[in-house]
S.K.: 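So that we are looking at the same thing, I have put the structure below in structure tokens.
By convention in this document, chain letters (A, B, ...) are assigned in the order of the sequence lines, proteins followed by strands, and residues within each chain are numbered from 1.
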Amino acid sequence: MLLTFIVRRVLWTVPFLIAVSLVSFALIQAPPGDYLTSFAATLAASGDEVDQGRLEALRQRYGLDQPFLVQYWRWISGVLQGDFGISFEWQQPVSNLIWERMGLSVCLALGTLLFTWAVAFPVGIFSAVRKYSIGDYIATTFGFIGLATPNFLIALVLMYIGVVYFGADVSGLFSEEYQNAAWSWGKLLDLLAHLWIPVIILGTSSSASLIRIMRANLLDELHKPYVVTARAKGLSEFTLLMRYPVRLALNPFVSTIGWAFPQLISGAVITAFVLSLPTAGPLLLQALLAQDMYLAGAFILLLCSLTVIGMLVSDILLALIDPRVRYQ
Amino acid sequence: MPDTMQAAWSPGEAEAAPVVLEVQELAVDFPSRRGVFRAVDGVDLVLRAGRTLAVVGESGSGKSVTARAILQILDQPGRIAAGRVLLHRHHTTKGAAASGGAEEVVELSAMPARSAAIRAIRGRDIAMIFQEPMSSLSPVHTIGAQIIEAIRLHDRLGKRAARERAIDLLRQVEIPRPETAVDRYTFEFSGGMRQRAMIAMALACNPSVLIADEPTTALDVTTQAEILDLIRRLQASHGMAVMLITHDMGVVAEMADEVAVMRHGQVVERGGILDVFERPQHDYTRMLLGAVRALDRPSPRRLAMRATKPPGAPILRLDALRKVFPSARRMFRPAAPPVVAVDDVTLDLHAGETLGIVGESGSGKTTLGRCVMGLFQGLGGRIEYVGRDGSRIDLLGMRESALRPLRREIRMVFQDPFASLNPRMTVEQIVGEPMLVNGTHRGAALQRRVAELLDMVGLPDSAMERYPHAFSGGQRQRIGIARAIALEPRVIVADEPTSALDVSLRSQVLDLLLDLQERLGLSFLFISHDIGVIRYFCDRVAVMYRGKVVEIGETEAVCTAPQHAYTRALLSAVPHPDPRHRGMTGRHRYTEGA
């Protein structure tokens, strides 16, 4: 039953991925004009002569005069072979530009997710079980402050404190000597040493909201009859709590994994600017502004794919922890 | 199984059996901001090995709280304020073996609720089963996992041995194919099967005391009969003391050796089963018994009314009415077969008559009522309504606009008096809404009409400004009835209007309905699973089984001389409030084609 469920869900992602790629291509085509019109506009603005013949040649070279579906087909068949096209603005293959940034983004997102869970689970469980205790009030206060404060503001405050009082290097993800160095153990350690600051900044608000979700979910479950049954069996309170209500309270939790991931990546753009992180967000924004369509398209496609895969993962996890899901 | 029942029941020996559990002067408090509420107030109970003590009472009498206090599993913020709970372990088979016959009395009430000592008692010496088999088992663990957990908590057994024992327990509670059932989830089981699994779990460590808190209330009568039989047989083979908590005098008469009647947290009467049933001392016991017995025969009031005012010509005719719920379409799998909820039902409802529809859950009786209310699309057959002017109209062939005036004439009373009233509307708004929507009354006239309606259902004018939460279940049902009669309907579909009410309120609400029938000339389509209520209230009854009407006729004729085998099986399963007639009818389950 579980296996057929997983196979079905995996098969379903294929049409979804196709649809997602179509939509992302349509999205980057949606603004009027193309890269060359904005290129020409930039040239004109700086007073340069715009050579219509050259523009036309470029347009033909990149296939920009072809109908939508033909362009899409050329793009997507390239993507399947790992070729995301050429970035107009950077004049180099998109794949050279995105992988490292996407990798760092995913790294940051995973770190933030782990941090969020490590904080939100125990605190959420505690504040549900000890409802209206001092600890619950403290967690709740922290939660509301975390929810209400924009990430970039926390980033600025942390940066100020870090630089002024500790003289620490808080921006970026690497120290200067590793900035353009090849990957090594030293670089990895350097990354980890820098990573915790954005992880805390990005994780504050999401752990705050997860604490609230966990608390509310668990409060619903704590007084269900099956908890009384388990207590009447003679289970200790802690085992009982973990085995029954917490397990059921996880349900809504797991179903949010799907969108937690892309949200972390796209939501981190402002923070990434403030901290000058070499992640995907800033580059994506720049590419969108310049109508650098293949670069923007690659980012959007990867973000959408991450959403679809995140959903797949959360569906499978949900089926693992809740057998009722498998039978519907 | 009539023989085992008779064998297990011998009131004369009651004093001889050793006392296993004693509750002395127990008091339970629930502190709140507005002061302390004493839910249980000085209760004494004695449970003897191999005997059944029934604790009977209406909602709020403190019977469930007493049971939970014994195991110290009270809901927050409840706490034991006074009294003692004593477990005489040397009188239990397990305790006797462990202590070598030496006296060992454990005071459960002295143990902290979270202590290891009380946890060792829970599930091992005293096990408990609950009312809702649906929600009392975890939905995400297999039946087996939950039973094995209980076994391994108290007995040192390996995983494999525990699994074997779990399978054996499932076999004891007669779950078919226990080897595969052990790996199934609760939602794959019917209510009766879940309650069996629950019992298997309670028996996991051979407890000396079984506390059953309304174990059959959520089940159909035939399933109830099977579960009660099972509890009795397991009690005989394991020698358990059983504390059976129930509100149903029929179940008490069927099961108990001794009875304790509770009201407002106190035991008002206790004694042997025959004494309590035949020589009740307390007024409250007499009232409870009277209310149940009244429901076991026709209402004298209805018979008198029919003598002067016999039912008239048919007002509503169902002709081969059919409702099929199409199968859910599933991806990559064959579609499930469609469900025929109402299968070619043909019946007449006469003017001024009450027609009962009786059946178990899933028989299609509620769907039938909703078809008449026009709540479903895509029906087969005809629903013919005879208008005030004698014209015949097929409700199914009409457009929505033409149906509107007819909808005023067929109204509904719902089962759940708590869920069917909007908590954010005042009683005046609730009762007045249908008149406002249909534009029959407004302003001061509307207010006068609402007051008049409330008076008709026996509620004071002052109820108008209040919200539903200020009323008890019985009063809320009266509000629902006032709303139903607001537009002067001719037909009322009442779907289990009394099943959420305590027995003492049931006959009051039924009498109110009879009163309204006489004054307003109403016809009732009365849906119920309760034969007693049907017998009291209905002129004729239609018995439904799997969407079909298997038998229809005068209520008394159907109840005393049932024609169809299913009706006989259904009637045989109803427990009678008479301990001398327990199990006499020889109950059996009806299987189609048998």
S.K.: Considering only heavy atoms from C-beta outward, does the side chain of A:Pro323 approach that of B:Tyr185 to under 4.5 Å?
M.R.: yes
S.K.: For the residue pair A:Ser236 and B:Arg119, establish whether any side-chain heavy-atom pair is separated by less than 4.5 Å.
M.R.: yes
S.K.: Please report the shortest heavy-atom distance between B:Val140 and A:Arg324, naming the atom on each side.
M.R.: CG1-NH2, 4.0 Å
S.K.: Between atom OH of A:Tyr226 and atom OG of B:Ser136, what is the distance when rounded to the nearest 0.5 Å?
M.R.: 11.0 Å
S.K.: What part of B:Gln72 lies closer than 4.5 angstrom to a heavy atom of chain A: side chain, backbone, both or neither?
M.R.: neither
S.K.: Find the one option among A:His223, A:Arg243, A:Lys224 whose heavy-atom pairs under 4.5 Å with chain B are most numerous.
M.R.: A:Arg243
S.K.: What closest approach, in Å, do A:Val228 and B:Ile73 show between heavy atoms, and which atom pair accounts for it?
M.R.: CG1-CD1, 3.9 Å
S.K.: Would you say CD1 of A:Ile134 has more than 12 non-hydrogen atoms from neighbouring residues, nucleotides or ligands within 6.0 angstrom?
M.R.: no
S.K.: Looking at B:Pro139 and A:Leu248, what are the two nearest heavy atoms and their distance?
M.R.: CG-CD2, 3.7 Å
S.K.: Hey, is CZ on A:Phe16 packed in by over 12 heavy atoms from elsewhere, all under 6.0 Å?
M.R.: no
S.K.: Would you say A:Leu235 and B:Leu153 make side-chain contact, with heavy atoms under 4.5 Å?
M.R.: yes
S.K.: Closest heavy-atom contact between B:Met198 and A:Thr229?
M.R.: CE-CG2, 3.2 Å
S.K.: With a 4.5 Å cut-off on side-chain heavy atoms, are B:His141 and A:Tyr244 touching?
M.R.: yes
S.K.: Can you confirm whether B:His154 sits close enough to A:Lys233 that some side-chain heavy atom of one is under 4.5 Å from a side-chain heavy atom of the other?
M.R.: no
S.K.: Do A:Arg231 and B:Leu71 have side-chain heavy atoms sitting under 4.5 Å apart?
M.R.: no
S.K.: Check each atom of B:Ala150 against the heavy atoms of chain A and say whether the ones under 4.5 Å are side chain, backbone, both or neither.
M.R.: both
